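Residue numbers count from 1 along this sequence. As the structure is a computational prediction, the values presented were derived from the model and not from experiment.
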Amino acid sequence: MKKLMIPAALVLLGTGAAFATKAANNTKGAVIPTYRMDPESGLCVQVGQECSTIQNVVCRWTADGVTPLHRAPISPTECGSVLFKP
C-alpha cells in the first residue's frame, strides 16, 4: 500500500502543477472588441482598440483620451461593462 501512495501523490502533484500553470497563463484576460458611446448619435459604436477584461486602469479611447471603452453592446444605445488596459 505504501509503495502505491508515493507514485499516486507524485501524479496528483504533477497534474495540479499542470493545471496551475495553465490557469496562470490564462489570467492575462481576453482581448476583446471594444465599443464607445457616440455622443452625437447616442449609439454604441465599435473602435479598433485592444482592451482586457482583467481589472486594472480603465481603457480609454485614444482619439480623445477621456472616453471609457466598453464590452459589446447590450442594446444599440447601451454599451456593456467597462474594459481595462491590457
*Would you please test V66 and W61 for side chain to side chain contact (heavy atoms under 4.5 Å, CB included) and show each step?*
CA-CA 7 Å; V66 176; W61 190 34; over 6 Å; no

*For the atom pair SG (C44) and OH (Y35), what is the distance rounded to the nearest 0.5 Å?*
7.5 Å

Closest non-hydrogen atom pair, [X] against [Y]:
| X | Y | value |
| --- | --- | --- |
| H70 | L83 | O-CD1, 3.4 Å |
| I74 | C79 | CD1-O, 3.7 Å |
| R60 | Q49 | O-NE2, 2.7 Å |
| R36 | T67 | CB-CG2, 4.0 Å |
| C51 | L69 | SG-CD1, 3.7 Å |

*Crowded around R71 CZ? As in, over 12 foreign heavy atoms under 6.0 Å?*
no

*asked:* How about CD on Q46, more than 12 heavy atoms from neighbouring residues, nucleotides or ligands closer than 6.0 Å, or not?
replied: yes

_Do V57 and F84 make a side-chain contact, defined as non-hydrogen atoms from C-beta onward lying under 4.5 Å apart?_
no

*S52 side chain to K85 backbone, donor-acceptor under 3.5 Å*: no

